[in-house]
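Reviewing the structure listed below.
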Amino acid sequence: GDSVTQMEGPVTLSEEAFLTINCTYTATGYPSLFWYVQYPGEGLQLLLKATKADDKGSNKGFEATYRKETTSFHLEKGSVQVSDSAVYFCALMVNTGFQKLVFGTGTRLLVSP
Amino acid sequence: NAGVTQTPKFRVLKTGQSMTLLCAQDMNHEYMYWYRQDPGMGLRLIHYSVGEGTTAKGEVPDGYNVSRLKKQNFLLGLESAAPSQTSVYFCASSYGLAGGLTDTQYFGPGTRLTVL
């Protein structure tokens, strides 16, 4: 079945460090790929998305490229801030009669000053 | 424009008690969803609705019922709560088929439920 695998957390970084959070997926067909972010005490918010191979989604300094050959959608940011501390979820969307979102287990990011 | 709201924010139940969680959205979205979030398991879909008056089962529907009598509201009911239903519950909504496969789901702030 369709699934998403994310790297285990927490990921602990110092401010201004480079961030990579790995995400790989298994899906039939051609899914759309998403990164959602959950700040403490809040619901999930869409961070970025990509709809086809080689597309790059970007927002707030975060980027992810849809790599069909490696079935990956790794999240990157060149210089993290303390305010980026949150849980990041990779997800894919498949059309099974309605648009079903399949989430990874989430990766907690902790950024210290 | 409040987006997606959920009530209550917190609740503690005893085993066997019942309760209803309310989700409301003011974006005129067709689709609405209920998820539960458990440590190490990400979000799992409980039930969803593709329009007013419709509901369908998701991945983990057992022990829950839902209703969508009005387009803007989606209710999640627990008839006889069990400790295994201790979780954080999130409601979400989206445009639905009009949004295609890039459709964004908008999430509420969550309800933290503890069943003793």
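Keep in mind it's a predicted model, so treat the numbers as computed, not measured. Each chain gets a letter, A, B and so on, in the order the sequences are listed, and its residues count up from 1.
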Segment of Q38(A) engaging chain B (4.5 angstrom heavy-atom cut-off): side chain
Not counting sequence neighbours, which residues clear salt bridge (charged side-chain N to carboxylate O under 4.0 Å, His left out) with D38(B)? List them please. R36(B), R44(B)
Mind listing the side-chain donor-acceptor pairs of residues 104-113 of chain A below 3.5 Å, one per line with the distance, residues two or more places apart or on another chain?
residue : atom : partner : partner atom : Å
T107(A) : OG1  : Q6(A)   : NE2          : 3.0
T107(A) : OG1  : M7(A)   : O            : 2.8
S112(A) : OG   : L13(A)  : O            : 3.4

Just verifying a value: how many Å separate L44(A) CG and Y35(B) OH, rounded to the nearest 0.5 Å? 9.0 Å
ILVMFWY network linking M32(B) to L21(B), side-chain heavy atoms under 4.5 angstrom: yes
Applying a strict 4.5 Å limit to non-hydrogen atoms, the region of Q37(B) in contact with chain A is side chain
As an exercise, state the distance from OH of Y106(B) to CG of L46(A), rounded to the nearest 0.5 Å. 7.5 Å
Identify the residues of residues 108-116 of chain B whose heavy atoms come closer than 4.5 Å to a heavy atom of chain A, ordered by number, or report 'none'. G108(B), P109(B)
Separation between CD of Q105(B) and CZ of F103(A), rounded to the nearest 0.5 Å: 6.0 Å
Tell me whether E79(B) at atom CD has more than 12 heavy atoms from other residues, nucleotides or ligands lying less than 6.0 Å away. no
Does E16(A) have more than 12 heavy atoms from other residues, nucleotides or ligands lying within 6.0 Å of its CD? no
Among V4(B), L43(B), V88(B), who wins on heavy-atom pairs under 4.5 Å with chain A? L43(B)
For Y88(A), enumerate each residue passing the ring pair (Phe, Tyr, Trp, His ring centres under 6.0 Å) test, keeping only those at least two apart in sequence or located in another chain. F62(A)
Step through the shown structure and confirm whether more than 12 heavy atoms of other residues, nucleotides or ligands are within 6.0 Å of CD on E8(A). no
Within one Ile-Leu-Val-Met-Phe-Trp-Tyr cluster: F34(A) and Y48(B), side-chain cutoff 4.5 Å: yes
